[in-house]
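So that the names make sense, note that chain A is the first sequence line, chain B the second, and so on, each numbered from 1.
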Number of protein chains: 2
Amino acid sequence: MKRMSTDMRALAVEDDPRIAADLQAALTAAGFRVEVTGDGEDAWFLGDTEDYDLVVLDLGLPALDGLAVLKRWRANDRTMPVLVLTARGTWQERVEGIEAGADDYLPKPFRMEELIARARALVRRAGGHAAALQEAGELSLDTNRMGVAIRGVPVQVTALEYRLLAYLMQHRDRPVPPTELLEHLYGDDDAREANALEAVIARLRRKLGPGVIGTRRGFGYFLEAA
Amino acid sequence: MKRMSTDMRALAVEDDPRIAADLQAALTAAGFRVEVTGDGEDAWFLGDTEDYDLVVLDLGLPALDGLAVLKRWRANDRTMPVLVLTARGTWQERVEGIEAGADDYLPKPFRMEELIARARALVRRAGGHAAALQEAGELSLDTNRMGVAIRGVPVQVTALEYRLLAYLMQHRDRPVPPTELLEHLYGDDDAREANALEAVIARLRRKLGPGVIGTRRGFGYFLEAA
DNA sequence: GGCAAGCTGACAGCAAGCTGACAATAAGGG
DNA sequence: CCCTTATTGTCAGCTTGCTGTCAGCTTGCC
């Protein structure tokens with residue numbers, strides 16, 4: 001795992017694998033180092049022994065209930081900010097969540113953007129500055145302002161270019177195959193020619209200069225000097 | 001932070017005698033020293049002169065409206081946490097309440113348990129209040145008077161325009177995507193065309209002049225910084 | 001050398017966003 | 001209760017700049 005400018009750790013406790021994957025993606029994109037678990041026992045142990053800057057906790061867990069986990073954390077003086085996810089509209093859960101020591105709650109279904117916004121607010125309120133900066137080599141990516149800078153000098157990129165960079169940054173420990181990038185940028189429903197991606201890469205390279213986006217022929221693209 | 005068990009004062013402003021009685025009972029049981037009034041004028045006077053740790057405020061008051069009371073408090077720098085109750089749980093009222101300075105909001109009918117939970121949460125994190133005057137570049141917003149000024153010169157804006165500006169101000173560190181603005185201004189239940197937002201932006205720009213509201217194509221709108 | 005993967009400049013299509021006009025609705029005043 | 005005014009959503013036409021495609025080229029690999 002490569003270094004981030006600020007090291008914000010987040011724990012996501014969610015048993016639905018699809019939501020869990022979304023959580024991980026969104027939080028990672030927001031600059032958190034994310035750990036995911038769907039098991040209540042596991043969650044309790046992690047939250048009790050590790051230091052997180054944020055916990056996203058789903059109440060609808062099998063086995064050990066999310067509320068019980070939260071109460072046991074609070075009973076042990078674990079004071080990290082906890083954002084609780086509740087099934088839709090059940091007022092009891094909200095009440096219990098707050099009384100158990102949740103710092104904020106979000107009813108399902110929710111928008112990832114809102115979750116990120118609330119998560120940042122929580123972290124900021126807790127004292128730490130939200131980790132908005134991700135770096136790889138000379139490239140730095142401000143996930144909050146959606147800004148890109150090379151060696152500190154801001155560079156203007158388009159939305160598509162930004163998404164591409166963000167995805168590479170998220171997976172900077174490996175070369176990302178063109179097929180995967182195409183699917184992430186456009187979705188498999190909308191079929192684009194492979195050359196479209198190459199065009200985006202070319203334009204980005206012209207803006208960022210050499211030595212930022214590398215190619216491993218046959219494997220994919222990656223951020224250099226990460 | 002004060003202790004709940006020692007001496008927490010709460011003011012309940014509610015004209016319906018039955019609900020008022022319930023409020024008093026529940027808050028007392030929760031450890032508050034409770035005072036109740038059903039008169040807006042009386043409430044305003046009490047809130048302005050006495051020090052409360054919590055206010056529960058019903059908007060549906062005769063004579064002096066609850067919202068007006070709240071605004072007058074905030075205008076006088078009374079920063080105690082206020083939990084607003086409203087009968088008509090419309091989305092607009094919630095916005096108005098929060099923008100008038102409410103710290104939380106509860107639609108009727110509600111469960112007493114939930115009210116107590118929210119009240120406790122409010123008291124627990126009592127402290128952080130939005131500043132009365134917010135600025136970004138040449139633009140300044142007076143959140144108490146709902147007033148807008150550009151370079152010190154007051155500009156008259158409509159309620160909708162103000163809400164848009166307030167939201168941009170609240171998130172002035174990032175570009176706000178149109179989808180998010182649409183959701184905030186109208187709510188997802190009421191679907192508007194995307195162009196409605198552009199129309200509001202255009203009108204605002206004409207009033208405020210250039211260099212205030214910026215656009216980052218593909219990312220969203222933002223307030224130009226100093 | 002030959003093939004396939006990848007690069008690049010040019011360009012046209014297209015989508016995001018802007019604006020003025022207008023109608024419908026809401027608010028206010030007599 | 002009617003009249004007046006302000007607010008605001010919708011529409012049509014327009015501008016801008018993003019982005020996919022194409023053609024031709026370079027590079028690596030066998």
Rounded distance (Å) that lies between atom C1' of dG9(D) and atom CG of Leu164(B): 15 Å
Atom-pair distance (OH on Tyr162(B); P on dT7(D)), nearest Å: 16 Å
Please produce a list of atom pairs where a protein N or O lies less than 3.5 Å from an N or O of nucleotides 15-19 of chain D.
residue	atom	partner	partner atom	Å
dT16(D)	O2	Arg217(B)	NH2	3.0
dT19(D)	OP2	Thr158(A)	OG1	2.5

Closest non-hydrogen atom pair between Trp73(B) and Ala43(B), with its separation: CZ2-O, 3.2 Å
Smallest separation among heavy atoms of Arg174(B) and Asn144(A), with atom names: CB-O, 3.1 Å
Nearest atoms (heavy-atom pairs only) where Gly31(A) meets Thr143(A): N-OG1, 4.3 Å
Outermost DNA chain C nucleotides near chain A [under 4.0 Å, heavy atoms]: dA4(C) to dG9(C)
Residues that Tyr162(A) engages under ring pair (Phe, Tyr, Trp, His ring centres under 6.0 Å), provided they are two or more places apart: Phe219(B)
Pairwise salt bridge (Lys or Arg N to Asp or Glu O under 4.0 Å) hits with a residue in residues 142-164 of chain A, at least two apart: Glu138(A)-Arg151(A), Glu161(A)-Lys207(A)
Exam field: side chain Glu193(A) to backbone Asn195(A), donor-acceptor pair closer than 3.5 Å: no
Check: Leu85(B) and Leu115(B) side chains under 4.5 Å, non-hydrogen atoms: yes
Contact summary for Ala119(A) and Leu54(A), nearest pair of heavy atoms: CB-CD2, 3.6 Å
Residue pairs involving residues 208-221 of chain A (criterion salt bridge (Lys or Arg N to Asp or Glu O under 4.0 Å); sequence neighbours excluded): none
Earlier contact from the 5' end, DNA chain C, for Thr215(B) and Arg206(A): Arg206(A)
Sugar-phosphate only, base, or nothing, as touched by Phe219(A) at under 4.0 Å among non-hydrogen atoms: nothing
What N/O pairs connect the protein and nucleotides 22-25 of chain D at under 3.5 Å? Give each pair on its own line.
residue	atom	partner	partner atom	Å
dC22(D)	OP2	Glu193(A)	OE2	3.0
dC22(D)	N4	Asn195(A)	OD1	3.0

Single hit among Val69(B), Val82(B), Leu122(B) for side chain to side chain contact (heavy atoms under 4.5 Å, CB included) with Val55(B): Val82(B)
Within-4.5 Å side-chain heavy-atom neighbours: Asp53(B) and Met80(B): no
First of Ile201(A) and Arg205(B) reached from the 5' end of DNA chain C, by closest nucleotide: Ile201(A)
